[in-house]
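Let me begin by presenting the structure, written as structure tokens, before commenting on it.
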Amino acid sequence: MSHLMTARQPKYRRISEELTLAIRRGEYAPGQRLPTERELAEQYEVHRMTIRQATIALARAGLVVKRRPSGIFVREQWPQDLRVRPLNLICPAQEFAHVIEFIEYGELLARQHGYRPRVLRIYRGEEHIATEAVLSPDPSILFGVGLGVQDELRQAMRKAEDRVVVVGARLDDVGLRSIVADDQMGIRLAVNHLRAKGHQRIGLVCSVPQPGHPMMEIHIQYWRQAMLSTQRQADDLDRDVIRLEPVPIGGATVAAYEAVMHYFRHMRKPSATALIGLSEEACNGAVAACYELKLRVPEDVSILDYSGTYR
């Protein structure tokens, strides 16, 4: 039996995780007695009280039962959902369209590959829940940029190694495996799609109210490349980059609303007839601004949500 000992994690939790894996792999069959507390303490070189905490965690999880004075036994009949290894699907709690799609497809594919999907929707300030799930012996898929910025969570993902992957957030710069879309191709496809609809002037609504954000600057460069591949001059492009400024409350949605309002009120004609929003919040703010300015969507201004939906 290989040890999964890692630093900074309570000893009892590390031991309970290893015993959990051993039970799920069949190293301890249903109804089989586990080694005694003394034997486990010697095996893991810990105090018997630490082993007792680990076995209490196993009992709470429904994996073992304690029978005095005989010992601790693997449950002979597990609830059906404990027979299948869980797959943690960790994502933001907000009801964004791309989050809902991630959950739907994630649950479907997890079952198809023999896993039991366990969805954890995390609110801001509750990242410790994601951290605990990542440190468990079960594999995890994290979706959403917001979950990737906490130092504690990053450290947990590094410890988990091949048990965790991040989808939709670029974290390879900090040594974490990430699955992201090809933004260069994606933005080019968005521009080409709007060109095919007859739009000549296409603006870009940024998604982060933070000047100089590195990923935002990369997205802007991809947009410039896509626009220059058609016909416009480089000098004209910067006028149609709608950057967001920090706002006291409301986040990216309110920042996008104010930025788009400013763009249409102060941009000399002709202004853009289509906008590409780099996030759902940016598009929501753009739609609200157009409504306030009596601009019909999509008749007067088409708004393409780069994160998913064409409006």
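A heavy-atom distance below 4.5 Å is found between the side chains of I103 and R121. In this structure, P35 and Y28 have side chains that are in contact, with non-hydrogen atoms separated by less than 4.5 Å. Using a 4.5 Å heavy-atom threshold, the side chains of V166 and F143 count as separate. Within the 4.5 Å cutoff, side-chain heavy atoms of V164 are placed close to those of L142. You'll find the side chain of M216 reaches within 4.5 Å of the side chain of S207, heavy atoms only. Under the 4.5 Å side-chain criterion, counting only non-hydrogen atoms from C-beta, R75 is not in contact with V64. Looking at H47 and K11, their side chains never come closer than 4.5 Å, going by heavy atoms from C-beta outward. Inter-residue side-chain proximity for I122 and P92 is flagged as unmet; no heavy-atom pair is nearer than 4.5 Å.
A salt bridge is defined here as a Lys NZ or Arg NE, NH1 or NH2 lying under 4.0 Å from an Asp or Glu carboxylate O, and R201 with D240 meets this definition. Salt bridge D238/R224: present, at least one basic N to carboxylate O contact under 4.0 Å.
Under the side chain to side chain donor-acceptor pair (under 3.5 Å) rule, N88 has a single partner from R118, R163, E132, which is R118.
V287 and V254 end up in different hydrophobic clusters when Ile, Leu, Val, Met, Phe, Trp and Tyr side chains are linked at under 4.5 Å. Both I220 and I218 belong to a single network of hydrophobic side chains, linked directly or stepwise wherever heavy atoms of I, L, V, M, F, W or Y lie under 4.5 Å apart. Hydrophobic clustering (ILVMFWY, side-chain heavy atoms < 4.5 Å, transitive): V297 and L293 are in one cluster. Linking ILVMFWY residues whenever their side-chain heavy atoms come closer than 4.5 Å, directly or via other members, leaves L58 and F73 in distinct clusters. Cluster membership check: L228 shares its hydrophobic cluster with V191, using side-chain heavy-atom separations under 4.5 Å among Ile, Leu, Val, Met, Phe, Trp and Tyr.
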Distance-only donor-acceptor hits, side chain of residues 241-253, under 3.5 Å, sequence neighbours excluded:
unit_1, atom_1, unit_2, atom_2, d
R243, NH1, E217, OE2, 2.8
R243, NH2, E217, OE1, 3.4

Could you pull out every donor-acceptor pair under 3.5 Å between side chains of residues 271-279 and any protein atom, sequence neighbours left out?
unit_1, atom_1, unit_2, atom_2, d
T273, OG1, H199, ND1, 2.8
S279, OG, E281, OE1, 3.4
S279, OG, A282, N, 3.1

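Checking side-chain atoms of H266 against main-chain N and O of H262 turns up a donor-acceptor pair under 3.5 Å. T55 places a side-chain N or O within donor-acceptor distance of the main-chain N or O of I51, the cut-off being under 3.5 Å. Between the side chain of H193 and the backbone N or O of L189 there is no donor-acceptor pair closer than 3.5 Å. One N or O on the side chain of Q32 and one on the backbone of A29 form a donor-acceptor pair closer than 3.5 Å.
Taking Y105 as the reference, E101 meet the side chain to side chain contact (heavy atoms under 4.5 Å, CB included) condition, with sequence neighbours excluded. In terms of the side chain to side chain contact (heavy atoms under 4.5 Å, CB included) criterion, residue partners of P117 (sequence neighbours excluded) are, by chain and number, L89, E107, A110, R111. With sequence neighbours excluded, the residues forming a side chain to side chain donor-acceptor pair (under 3.5 Å) with E39 are T36, listed by chain and number. Scanning for side chain to side chain contact (heavy atoms under 4.5 Å, CB included) contacts around R52 gives E37, R48, M49, I56, K66, with sequence neighbours left out.
Rounding to the nearest 0.5 angstrom, the gap separating the OH atom in Y263 from the CZ atom in R239 is 8.0 Å. Atoms CD and CD, on Q221 and Q184 in that order, are 10.5 Å from each other to the nearest 0.5 Å. Atom NE2 of H219 and atom SG of C206 lie 10.0 Å apart (nearest 0.5 Å). Once rounded to the nearest 0.5 Å, the distance linking CG of L194 with CD1 of I202 reads 4.5 Å.
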Check the pair Y306, D183 against side-chain hydrogen bond (donor to acceptor under 3.5 Å, both in side chains), reporting the backbone distance first and the verdict last. CA-CA 10 Å; Y306 178 67; D183 289 320; 3.0 Å; yes
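Heavy-atom minimum distance, I90 versus A130: CG2-CB, 3.8 Å. Taking every heavy atom of both residues into account, I303 and C290 meet most closely at CD1-SG, 4.2 Å. In terms of heavy-atom proximity, L135 sits nearest to E17 at O-OE2, 2.6 Å. A pairwise comparison of heavy atoms in L304 and C283 identifies O-SG, 3.8 Å as the closest pair. Across every non-hydrogen atom of Y12 and T50, the tightest pair is CB-O, 3.5 Å. Smallest separation of non-hydrogen atoms from P86 and Y115: O-CD2, 4.0 Å.
Within 6.0 Å of CD in E45 there are 12 or fewer heavy atoms belonging to other residues, nucleotides or ligands. Enclosure of atom CZ in R38 is not indicated, since only 12 or fewer non-hydrogen atoms of other residues, nucleotides or ligands lie within 6.0 angstrom.
Looking only at atom types and distance, the side chain of Y257 has no donor-acceptor partner in the side chain of N284 under 3.5 Å away.
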